Amino acid sequence: MPTALVTGITGQDGSYLAQLLLKKGYRVIGVARRSSTVNYERIQHLLDDITVVQGDLQDQGSLLTLLEEYEPTEVYNLAAQSFVPTSWSQPALTGDVTALGVTRILEAIRFVNPKIRFYQASSSEMFGKVMEVPQNEETPFYPRSPYGVAKVYGHWITVNYRESFGIFAASGILFNHESPRRGLEFVTRKISDGVAKIKLGVTKELRLGNLDAQRDWGFAGDYVHAMWLMLQQATPDNYVIGMGETHSVREFCEIAFSHVGLDYKDFVVVDEKYYRPAEVDLLISDPSKARAQLKWEPSVTFNELVKMMVDSDLARLKK
Ligand code: NAP
Ligand code: G4F
């Protein structure tokens with residue numbers, strides 16, 4: 001039975017990837033960092049089928065021990081300090097986890113078993129102030145936040161361990177992907193949760209930042225499939241994963257509010273508190289390489305995604 005070790009198991013992608021790997025017959029070892037209260041909400045339904053172990057990307061020894069003990073054939077590095085605004089208030093921590101953490105896990109692979117296949121969760125935030133439209137695997141990076149800078153490091157150290165040590169190390173440059181399991185601080189979930197609360201009369205307004213920012217949003221369940229496909233190829237490579245279309249935050253609001261019969265203009269308040277020191281104005285992917293080589297196709301459209309998230313928050317809050 002193949003064994004996959006997944007860092008970031010308690011996160012959005014960790015939960016969807018674990019589900020997919022179980023379906024494919026893997027033994028799944030999920031790495032969670034120690035906290036004073038457990039935060040297993042996203043993997044509650046999987047706890048009988050996966051093994052959750054303690055480890056931290058800031059702790060080299062824990063990563064070495066886990067690889068020795070569980071002998072994975074594949075490692076998916078999904079753990080990160082992943083929220084862009086926090087990367088300005090905690091830039092050094094973001095660098096330590098999101099950048100150096102990648103080196104620590106690659107070093108563990110190099111020492112314990114260089115045959116392990118490795119997936120790095122790279123990000124479209126690396127394109128930042130975009131140098132071309134749309135963005136593909138060859139587009140130069142211009143990160144606009146400590147998070148983006150850390151992800152550029154993670155990407156290049158992955159490429160370097162591939163080229164220097166022959167490790168099967170793939171980098172998936174994923175554009176924004178969302179779901180009902182998305183963290184409440186990210187804009188899509190903040191909107192779907194806000195819409196549900198307004199519809200149910202729990203609150204009267206939704207305070208947001210830059211409504212003109214444009215993102216290429218897809219469904220997380222589709223994107224974890226691309227991660228797995230990257231590790232099944234004959235050779236490791238870099239792949240852009242996205243929908244190939246872009247929408248503004250305003251458009252997300254329009255669809256989400258109108259889905260419950262409301263007009264976003266009556267409830268959304270722009271609050272400069274949510275503006276960023278430097279903005280990523282426009283992201284749009286060119287995923288043609290992934291479509292041709294991985295045969296990857298998304299199954300959920302942008303409109304379906306927005307409605308899925310609003311419906312899920314409505315159902316959750318009604319309970
Ligand atoms: P997420 O929900 O924020 O999950 C991040 C995970 O990392 C959580 O399980 C978190 O644990 C864990 N983590 C944080 N610091 C850690 C540490 N020091 N040691 C071990 N684990 C740690 O993020 P996501 O949306 O699932 O994204 C998964 C990965 O893809 C991240 O690397 C993210 O940067 C990247 N990415 C995401 C997107 C997207 O649109 N979602 C796009 C491109 C790339 P706790 O639960 O304990 O906090
Ligand atoms: O939802 P966001 O916080 O996601 P962001 O910054 O694009 O980052 C996410 O996607 C990346 C992939 O490109 C990942 F690598 C990263 O880990 C994370 O998952 O913000 C999206 C846009 C921004 O332009 C922001 O300025 O929405 C705008 N926005 C407007 N009002 C807001 C708000 N963002 C948040 N979080 N909260 C607001 O109130």
Side-chain angles (χ1 to χ4, degrees), residues 6-17 30-35 37-43 52 54-59 62-63 76-87 93-94 96-98 100-102 104-105 119-128 135 143-145 147-148 150-151 154-155 171-179 181-191 194 206-220 223-224 227 241-242 247-250 252-253 268-283 285:
V6 180
T7 71
I9 193 73
T10 55
Q12 170 189 255
D13 291 7
S15 68
Y16 281 106
L17 181 64
V31 183
R33 56 182 171 165
R34 192 263 164 188
S35 61
T37 47
V38 289
N39 59 340
Y40 293 173
E41 295 84 12
R42 294 183 176 110
I43 48 170
V52 181
Q54 263 185 34
D56 199 305
L57 282 197
Q58 293 183 282
D59 186 90
S62 67
L63 303 173
Y76 294 85
N77 183 38
L78 308 186
Q81 190 305 94
S82 73
F83 190 46
V84 172
T86 298
S87 79
L93 175 122
T94 301
D96 196 44
V97 177
T98 306
L100 274 185
V102 188
R104 293 193 187 100
I105 193 141
Y119 173 83
Q120 167 57 14
S122 294
S123 165
S124 53
E125 278 293 303
M126 301 190 303
F127 298 123
Q135 297 86 49
R144 293 272 276 174
S145 65
Y147 169 80
K151 282 290 179 185
H155 169 80
S171 177
I173 305 172
L174 271 51
F175 282 63
N176 299 50
H177 45 280
E178 321 292 315
S179 74
R181 297 183 204 163
R182 185 57 141 153
L184 282 161
E185 69 275 38
F186 298 93
V187 77
T188 55
R189 185 73 197 289
K190 188 172 166 185
I191 296 168
L206 174 61
R207 303 185 85 82
L208 295 172
N210 179 11
L211 301 185
D212 296 318
Q214 289 174 273
R215 289 291 183 276
D216 181 333
W217 281 297
F219 172 53
Y223 286 45
V224 298
M227 299 175 185
I241 303 295
H247 302 272
S248 65
V249 173
R250 189 186 308 280
F252 197 106
C253 289
V268 171
V269 178
V270 172
D271 186 337
E272 291 199 0
K273 185 170 93 181
Y274 297 108
Y275 277 49
R276 298 176 176 190
E279 180 60 284
V280 171
D281 295 313
L282 164 73
L283 291 175
S285 65

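Keep in mind that what you see is a predicted model, and the values were worked out from it rather than measured. Each ligand, and each atom within it, is numbered from 1 in the order the structure gives. Every heavy atom of this structure was used, including side-chain atoms; hydrogens, water molecules and symmetry mates were not.
Rounding to the nearest 0.5 Å places OG of S87 at 8.5 Å from CD of E125.
Nearest non-hydrogen protein atom to atom 31 (N) of ligand 2 is G209 N, 2.8 Å. For atom 2 (P) of ligand 2, the nearest non-hydrogen atom of the protein is R276 NH2, 3.7 Å. Counting protein heavy atoms only, atom 23 (C) of ligand 2 is closest to R215 NH2, 3.4 Å. In this structure, the protein non-hydrogen atom closest to atom 27 (O) of ligand 1 is D13 OD2, 3.7 Å. For atom 13 (O) of ligand 2, the closest non-hydrogen atom of the protein is S124 OG, 2.6 Å. In terms of protein heavy-atom proximity, atom 26 (O) of ligand 2 is closest to E279 OE2, 2.6 Å. Among all non-hydrogen protein atoms, the one lying nearest atom 48 (O) of ligand 1 is R33 NH2, 2.8 Å. Looking at atom 39 (O) of ligand 2, its nearest protein heavy atom turns out to be K190 NZ, 2.7 Å. If you check which protein heavy atom lies closest to atom 5 (P) of ligand 2, you get N176 ND2, 3.8 Å. Here the protein heavy atom with the shortest distance to atom 41 (N) of ligand 1 is R182 NH1, 3.2 Å. Shortest contact from atom 8 (C) of ligand 1 to any protein heavy atom: T10 OG1, 3.6 Å. In terms of protein heavy atoms, atom 22 (C) of ligand 1 is closest to A79 CB, 3.7 Å.
Ion pair K190/E178 not flagged as a salt bridge, since none of the NZ, NE, NH1 or NH2 atoms sits closer than 4.0 Å to an Asp/Glu carboxylate oxygen.
Distances from atom 20 (C) of ligand 1 to the heavy atoms of T7, L57, I43 show the closest one on L57. Which of G11, G242, S82, S124 comes nearest to atom 23 (O) of ligand 1 through a heavy atom is settled by distance: it is S82. Considering E125, M126, R144 only, the shortest heavy-atom separation from atom 11 (C) of ligand 2 involves E125. For atom 37 (C) of ligand 1, the candidate residues are R215, M227, H177; the nearest heavy-atom contact is made by H177.
In summary, the atoms of ligand 1 found under 4.0 Å from a heavy atom of A121, numbered by their order in the structure, are 29 (C), 30 (O), 32 (O), 35 (C). In the vicinity of N176, heavy-atom distances shorter than 4.0 Å reach the ligand 1 atoms 40 (O). Every atom of ligand 1 with a heavy atom of N39 under 4.0 Å away is listed here by number and element: 45 (P), 46 (O), 47 (O).
Contact between Y147 and ligand 2 is present, with at least one heavy atom of the residue lying under 4.0 Å from the ligand. The closest approach between a heavy atom of Q12 and any atom of ligand 2 is not below 4.0 Å. Ligand 1 lies within reach of D56, whose nearest heavy atom is under 4.0 Å from it. Within the 4.0 Å heavy-atom shell around ligand 1 one finds Y147. Ligand 1 is approached by S122 to a heavy-atom distance shorter than 4.0 Å. Within the 4.0 Å heavy-atom shell around ligand 1 one does not find E125. Within the structure, the closest approach of K151 to ligand 1 falls below 4.0 Å when heavy atoms are considered.
The side chain to side chain donor-acceptor pair (under 3.5 Å) test with D13 singles out one residue from H177, R42, R181, and that residue is H177. Just one residue in the list V280, D281, L282, V249 forms a side chain to side chain contact (heavy atoms under 4.5 Å, CB included) with R215, and that residue is V280.
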- Kindly determine whether S179 and Q12 satisfy side chain to side chain donor-acceptor pair (under 3.5 Å), including the steps that lead there. CA-CA 8 Å; S179 74; Q12 170 189 255; 3.0 Å; yes

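Taking the six-membered ring where tryptophan is involved, the planes of W217 and F252 are perpendicular, since the angle between them exceeds 60° and thus also 30°.
Checked by distance only, ligand 1 and L78 come closer than 3.5 Å through their nitrogen or oxygen atoms.
What you find for L57 and N77 is that their closest heavy atoms are CD1-OD1, 3.7 Å.
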